[in-house]
There are 2 protein chains.
Amino acid sequence: MATISEVAERAGVSTATVSRALNGKDSVDPALAGRVLAAADELGYRPNGPARNLRKQETAVLALIISDVENPFFTAISRGVEDVAHDAGYSVVLCNSDDDPDKEREYVEVALQERVAGVLLSPAGRGDSAEKLRAHDTPVVAIDRPLPRSGGDTVLVDTRLAAREATLHLAEQGYRRLGCLTGPEGVPTADDRLAGYRDGLRAAGLDSGELVRRSDFKATGAAEAAHSLLAERQPPDAILVANNAMAVSVLAALDELGMRPGRDVGVVAFDDAPWTVLIDPPLSVVAQPAYDMGATAAQLLLGRIGGDHTETTVTTLSAHLVPRGSSRSG
Amino acid sequence: MATISEVAERAGVSTATVSRALNGKDSVDPALAGRVLAAADELGYRPNGPARNLRKQETAVLALIISDVENPFFTAISRGVEDVAHDAGYSVVLCNSDDDPDKEREYVEVALQERVAGVLLSPAGRGDSAEKLRAHDTPVVAIDRPLPRSGGDTVLVDTRLAAREATLHLAEQGYRRLGCLTGPEGVPTADDRLAGYRDGLRAAGLDSGELVRRSDFKATGAAEAAHSLLAERQPPDAILVANNAMAVSVLAALDELGMRPGRDVGVVAFDDAPWTVLIDPPLSVVAQPAYDMGATAAQLLLGRIGGDHTETTVTTLSAHLVPRGSSRSG
DNA sequence: TTGTAAGCGTTATCAA
DNA sequence: TTGATAACGCTTACAA
């Protein structure tokens with residue numbers, strides 16, 4: 001592939017002039033610039049990214065480490081990140097940690113080695129990824145989940161409050177034995193939603209005992225948990241489900257048991273999705289501002305990369321309940 | 001950040017020895033290697049990726065250019081790609097073209113500049129991205145859609161055949177006025193599904209006239225198309241929908257009109273999704289082997305990167321019809 | 001305004 | 001087995 005010196009030779013100038021011309025410096029004679037551009041074009045010249053990055057000691061790349069590309073919540077985040085990054089001339093590398101701390105560590109290593117400009121991290125587990133990055137002067141912004149040990153810029157949803165609100169909503173609709181299906185212990189969003197559920201129970205003056213199950217945040221794993229919950233001697237008459245994928249399993253389980261959401265069992269699930277209005281009755285959800293979370297986090301990160309050293313911030317966006325038929329009075 | 005020479009100094013050896021030790025060359029004294037590793041560890045040394053890439057004239061990075069990260073079909077592909085790439089020590093950069101040829105061109109430029117090892121491309125429009133990449137010796141594998149002008153390694157689904165099969169299925173179920181909602185003209189998967197639909201009509205001896213609408217492959221755009229199709233003087237009694245997102249709009253439209261899938265109107269849509277079994281009746285789908293497509297394409301690409309110069313191949317995987325309630329006899 | 005040349009951090013060649 | 005050194009392709013003082 002053509003190099004800058006080949007372009008220089010062809011245009012009859014020095015490599016310095018080629019560099020200046022191609023980077024649009026104004027201190028270059030228009031005639032020369034024209035010759036350079038023509039030569040570069042004829043040779044199909046593309047500046048060598050690694051060489052440029054090495055010399056400039058910086059790369060216009062952000063890494064986004066999430067736990068599941070197949071989760072619409074995270075893809076919406078990635079949209080927000082990408083739109084903002086792209087406008088600022090940055091590329092985004094999407095990394096799947098699968099909620100596995102080892103995989104996360106691996107990606108952090110790659111980010112460090114490749115000298116990415118910054119990292120957006122939805123932390124898996126209680127690792128020290130953020131510290132490691134910061135120890136090497138790589139700005140980090142946590143997204144969706146707070147950083148386990150340290151502080152640092154963070155973009156969250158007030159998921160506990162939203163869970164409380166959803167729980168209260170179910171109580172107001174007349175449900176009395178409220179259950180909760182949430183994610184793995186230790187995952188903050190899972191624990192917060194559970195805490196919010198308990199807040200709601202308390203506020204409503206209900207005491208269901210422990211009608212709680214945990215699962216991974218995926219449909220397959222949630223199936224068993226849903227069945228187990230519904231097989232209680234005194235099964236719940238309503239369920240708060242901590243994400244969309246698990247909601248599929250809950251609804252499937254109800255269907256198998258011949259129970260109807262919004263009549264036999266109230267259901268509210270986290271994350272809105274196009275299909276939620278297609279089922280009968282439509283699914284009540286807690287809608288999270290995923291796109292905005294991504295956009296906000298990216299903006300924050302770009303600020304840090306740009307040298308913003310003001311105090312770290314925690315941005316908490318709010319989710320909102322979208323009541324539909326599945327949580328109507330039972 | 002620590003450099004190789006600082007490690008060398010600390011370990012009391014030359015940079016060459018550090019490099020060899022860190023890269024596990026066997027021609028290095030175990031004692032020295034130990035000192036080097038210790039020094040590297042103490043300094044928190046991470047090899048500088050750009051420098052290494054520059055020197056080695058290669059990067060262990062693949063670019064995957066797709067049209068929509070929010071489409072589960074493509075995220076499943078990306079899973080397949082990532083799993084294979086990861087096992088081979090490669091990273092994957094996910095790029096969203098939004099089905100916009102300009103954005104695609106932009107990402108191809110970035111891929112070229114960054115000297116990625118290879119590109120997996122689901123081409124948007126009739127551009128010359130693949131030629132451009134190949135002109136610069138960057139291997140390309142097309143995925144989901146053939147390359148517009150040139151040949152080249154390609155991983156496809158026999159989507160036309162699948163569409164034909166789905167159409168025949170609807171005919172067999174007794175539907176007589178079959179409509180089709182497909183994607184934009186020029187997008188091969190959209191055109192192929194339409195062609196397969198016509199194949200099916202012909203094979204079934206049906207002539208619906210033109211009960212065809214096009215939309216982007218997204219839910220919002222498809223809403224209008226769905227309504228327009230159902231507002232025909234002689235509306236279809238069954239619809240083949242070319243993807244999952246558009247199916248949501250079709251089902252919503254039917255619901256608004258008080259029509260029931262599988263009774264008033266038969267429906268088959270491309271792409272399976274967890275929620276398709278939750279609706280009543282469950283949605284009949286054409287399931288595509290998305291994960292396998294990604295894995296296969298990545299394997300092919302890695303082969304080319306590794307110097308495989310055998311003739312280019314076209315791999316055609318097959319989709320299969322999953323008949324459910326929405327296409328039962330009307 | 002242009003050119004010369006140093007240097008970014010590696011790896012690989014060549015001698016020792 | 002180890003070390004000195006050139007080279008990868010670019011940007012940027014500094015000189016002219």
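All chains are named by letter (A, B, ...) in the order of the sequence lines, taking the proteins before the strands, and each is independently numbered beginning at 1.
For A/Thr15, taking side-chain heavy atoms from C-beta onward, the closest of the listed nucleotides C/dA5, C/dT2, D/dG3 is C/dA5. For B/Leu54, taking side-chain heavy atoms from C-beta onward, the closest of the listed nucleotides D/dT1, C/dG9, C/dT2 is C/dG9. Distances from the side chain of B/Ile4 to the nucleotides C/dA5, C/dT10, D/dT2 place C/dT10 closest. Taking every side-chain heavy atom of B/Ala51 into account, C/dG9 is the closest of C/dG9, D/dT2, C/dT2. Closest to the side chain of B/Asn48, out of C/dG9, D/dT1, C/dT11, is C/dG9.
Taking atom NZ of B/Lys25 as the reference point, atom P of C/dT11 lies 9 Å away to the nearest angstrom. Following rounding to the nearest Å, B/Leu32 (CG) and D/dT1 (P) show an atom-to-atom distance of 11 Å. Whole-Å rounding puts the A/Arg52 CZ to D/dC8 P distance at 19 Å.
B/Thr313 and B/Asp153 share a side-chain donor-acceptor pair at under 3.5 Å. B/Tyr291 and B/Asp83 share a side-chain donor-acceptor pair at under 3.5 Å.
Side-chain N/O atoms of B/Ser19 include one lying less than 4.0 angstrom from OP1 or OP2 on C/dT11. In this model, the phosphate group of D/dG9 is approached by a side-chain N or O of B/Gln57 to a distance below 4.0 Å at OP1 or OP2. Taking only side-chain nitrogens and oxygens, B/Thr3 never comes nearer than 4.0 Å to OP1 or OP2 of C/dG9.
Atom CD of A/Glu9 has 12 or fewer heavy atoms from other residues, nucleotides or ligands within 6.0 Å.
Among the protein residues, A/Pro47 comes within range of the sugar-phosphate backbone only, with heavy atoms under 4.0 Å from sugar or phosphate atoms but none that close to a base. In this structure, A/Asn23 reaches the sugar-phosphate backbone alone: every heavy-atom distance under 4.0 Å involves primed, P, OP1 or OP2 atoms, never a base. Contact annotation for B/Arg115: no contact, since no heavy-atom pair falls under 4.0 Å across all strands.
If you check distances only, the side chain of B/Arg20 does reach the base of D/dG3 with a donor-acceptor pair under 3.5 Å. For A/Arg55 against D/dT11, a side-chain N or O and a base N or O form a donor-acceptor pair under 3.5 Å.
Residue B/Leu94 holds its CG atom at 10.0 Å from CD1 of B/Ile65, rounded to the nearest 0.5 Å.
Comparing A/Ser27 and A/Lys56, the nucleotide of DNA chain C nearest to each residue sits closer to the 5' end for A/Ser27.
When B/Ser97, B/Ser129, B/Ser67 are each tested for a side chain to side chain donor-acceptor pair (under 3.5 Å) with B/Glu104, only one passes: B/Ser129.
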